[in-house]
Protein chains: 2
Amino acid sequence: MKQITKHNIRNSLRRIFLYHGLLVRLNTMGVTRVFSYTLAEGAGVTPEQVRKDFSEYRIRGNRRGGYLTVTLLSEMETLFNRDRISNVILVGMGNLGQALSKYGQFIQRGINIVASFDIDPYKQKARADSNVYPPGRLQEIIERFRVTIAIITVPDISAQEVCNDLVNMGIRGIVNFSPVLLKVPVYVVVNNVNLSDEIESVVMSVSRMKEE
Amino acid sequence: MKQITKHNIRNSLRRIFLYHGLLVRLNTMGVTRVFSYTLAEGAGVTPEQVRKDFSEYRIRGNRRGGYLTVTLLSEMETLFNRDRISNVILVGMGNLGQALSKYGQFIQRGINIVASFDIDPYKQKARADSNVYPPGRLQEIIERFRVTIAIITVPDISAQEVCNDLVNMGIRGIVNFSPVLLKVPVYVVVNNVNLSDEIESVVMSVSRMKEE
DNA sequence: TATGTTTTGTGATTTGTTTCACATTAACAC
DNA sequence: GTGTTAATGTGAAACAAATCACAAAACATA
Ligand SMILES: NC(=O)c1ccc[n+]([C@@H]2O[C@H](COP(=O)([O-])OP(=O)(O)OC[C@H]3O[C@@H](n4cnc5c(N)ncnc54)[C@H](O)[C@@H]3O)[C@@H](O)[C@H]2O)c1
Ligand SMILES: NC(=O)c1ccc[n+]([C@@H]2O[C@H](COP(=O)([O-])OP(=O)(O)OC[C@H]3O[C@@H](n4cnc5c(N)ncnc54)[C@H](O)[C@@H]3O)[C@@H](O)[C@H]2O)c1
């Protein structure tokens with residue numbers, strides 16, 4: 001386990017998630033047809049950008065007629081592989097782990113957190129209805145639910161170790177909330193999310209704006 | 001309030017946050033001197049990239065001698081405006097809001113969550129020690145603590161409305177966890193963090209890798 | 001069926017970012 | 001001191017992303 005991989009999804013794809021979010025809202029509002037400028041406005045980009053992004057992923061509209069909301073939604077969802085629900089596990093039932101596991105809207109995004117793990121026995125039995133297990137049962141549950149994706153919300157010191165175990169048990173995608181850059185083999189996808197960085201970058205931008 | 005702004009901090013700066021995280025760890029491990037390739041290895045980039053990034057922000061090392069850990073740390077912290085602690089408020093004490101407000105390590109990053117707000121009276125008095133207030137007291141507390149940064153963790157329907165109020169009360173930087181792209185005036189910085197997208201992008205990348 | 005209008009789709013161009021290549025400098029050995 | 005080596009720092013080159021400009025398609029209207 002030597003190689004590091006930087007996942008970093010393409011900006012175009014990140015924007016497509018954004019367009020998708022807008023579309024869902026427009027769709028529930030009864031909008032049946034959208035144009036590149038509709039999405040561009042909502043996403044804060046240019047209409048050309050929207051079309052170029054679609055072009056990259058072979059998403060087509062009707063010239064003059066724009067895009068049908070439902071068609072666009074289903075094309076995007078195929079792209080996201082959202083035709084099936086993905087089983088996901090979560091390791092580390094602390095503050096953040098519990099918040100994520102209680103969030104009810106992941107399922108609408110095709111994300112199903114089937115089980116959580118913690119070394120703390122108190123957290124394992126915190127609630128009878130929540131599926132919190134000791135790490136010893138990882139292998140069993142990963143196999144039972146055919147899980148390939150894991151969310152890591154353990155303290156920084158444990159993160160790399162937990163990661164190594166998960167990879168050895170067949171996990172191929174990791175969302176890492178601990179503030180360490182995980183080292184994984186090339187065939188594993190990692191997305192490092194650092195909430196402190198996200199907040200601090202805003203603090204910094206504001207301080208700099210004030211100076212000018 | 002018409003203009004939308006896309007915050008999007010420079011990639012180079014985002015990487016500097018990464019280097020900083022590594023440095024803090026190396027420093028506590030007793031490492032006094034680092035080289036561009038030390039940081040590059042940990043951050044998953046090339047050494048040239050590290051030096052170019054430093055160059056952009058006028059951070060200098062010693063040729064042949066690399067960089068002194070402590071000097072580098074303090075130079076970065078000046079860059080981040082971390083010489084002073086920033087007071088931040090949080091609106092929406094649900095799952096995510098509570099997780100964030102309980103996190104003990106923001107203060108090490110110069111982020112101090114001085115107060116939280118919720119419309120739910122039960123959450124306002126959930127714990128005597130935690131400073132949770134009704135939104136009616138926003139103005140008062142923003143002024144008292146000279147707050148310019150807010151974290152939004154309310155449901156999507158309320159997000160834009162809360163945002164508008166905050167901007168009117170003097171907030172100039174927002175970290176938004178709700179899945180809507182907030183519209184703000186140009187002089188306000190917004191960082192939209194969408195946790196569902198972060199997870200889903202990994203699910204998608206893994207599905208695609210399996211296909212190939 | 002022809003004509004005008006609207007909007008897509010995409011090469012060509014511009015702008016931005018990363019990598020390369022090497023001159024420059026500091027540390028160290030002798 | 002002087003030479004050798006190991007690092008930085010940065011223009012130049014290569015690459016990637018965004019914008020521009022316009023041809024192609026779809027539709028409405030007559
Ligand atoms: N909570 C936040 O707002 C926040 C913000 C930024 C970063 N983070 C990062 O996210 C991670 C989680 O944060 P948190 O506040 O939830 O921490 P926490 O301490 O509340 O929770 C960590 C949990 O992981 C469990 N754990 C530890 N080692 C484990 C192991 N080997 N296997 C399984 N479980 C294990 C602990 O028992 C605990 O329940 C940390 O790395 C933290 O730095 C959190
Ligand atoms: N929890 C997660 O893991 C997660 C994941 C992805 C996205 N999000 C998003 O983050 C946001 C918060 O998520 P959550 O799970 O904590 O939701 P939640 O429903 O648990 O909490 C929302 C809180 O906001 C409060 N609130 C509502 N309107 C308000 C107002 N106008 N002023 C002040 N407070 C108000 C509610 O009383 C509640 O306590 C949501 O927009 C959600 O979509 C959360």
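Bear in mind that the values here come from a model prediction, so they are computed numbers and not experimental data.
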What are the atom names and distances for every N/O pair under 3.5 Å that joins the protein to nucleotides 17-21 of chain C?
from, atom 1, to, atom 2, distance (Å)
C/dT17, OP2, B/Arg10, NH2, 3.1
C/dT18, OP1, B/Arg15, NH1, 3.1
C/dT18, OP2, B/Arg15, NH2, 3.1
C/dT19, OP2, B/Thr46, OG1, 3.3
C/dT19, OP2, B/Gln49, OE1, 3.4

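- A side-chain contact (heavy atoms from CB on, under 4.5 Å) with B/Phe177 is found for one member of B/Leu100, B/Asn194, B/Asp156 and no other, namely B/Leu100.
- With hydrogens and angles disregarded, a donor-acceptor distance shorter than 3.5 Å links the side chain of A/Gln98 to the backbone of A/Met93.
- Mapping A/Phe35 and A/Arg64 onto DNA chain C by nearest heavy atom places A/Arg64 at the nucleotide closer to the 5' end.
- Taking 4.0 angstrom as the limit, A/Tyr67 places a side-chain polar atom (N or O) nearer than this to OP1 or OP2 of C/dG9.
- Put simply, the side chain of A/Arg63 and the base of C/dT6 share no donor and acceptor less than 3.5 Å apart.
- A donor N or O paired with an acceptor N or O is not found under 3.5 Å between the base of C/dT8 and the side-chain atoms of A/Arg60.
- End-to-end axis angle of the helix from C/dT1-D/dA30 to C/dC30-D/dG1, from C1' rotation axes over five pairs per end: 10° (rounded to 10 degrees).
- Phosphate proximity of D/dT10 to B/Ser55: present, with a side-chain N or O under 4.0 Å from OP1 or OP2.
- Between the side chain of A/Ser207 and the backbone N or O of A/Val203, at least one donor-acceptor pair lies under 3.5 Å.
- Within the 3.5 Å criterion, the main-chain N or O of B/Ser178 finds a donor-acceptor partner in the side chain of B/Asn176.
- More than 12 heavy atoms of other residues, nucleotides or ligands sit less than 6.0 Å from atom CZ of B/Arg25.
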Walk me through it: do B/Arg172 and B/Thr148 pass the test side-chain hydrogen bond (donor to acceptor under 3.5 Å, both in side chains)?
CA-CA 5 Å; B/Arg172 291 294 170 262; B/Thr148 53; over 6 Å; no

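- Ring geometry for A/Phe35 against A/Tyr37 counts as parallel: the plane angle stays under 30°, on a 0 to 90° scale with 60° as the upper cut.
- Side-chain contact between A/Ile59 and A/Leu72 is present, with heavy atoms from C-beta onward closer than 4.5 Å.
- Each of A/Arg33 and B/Val34 has a nearest nucleotide on DNA chain D; the 5'-most of these lies closest to B/Val34.
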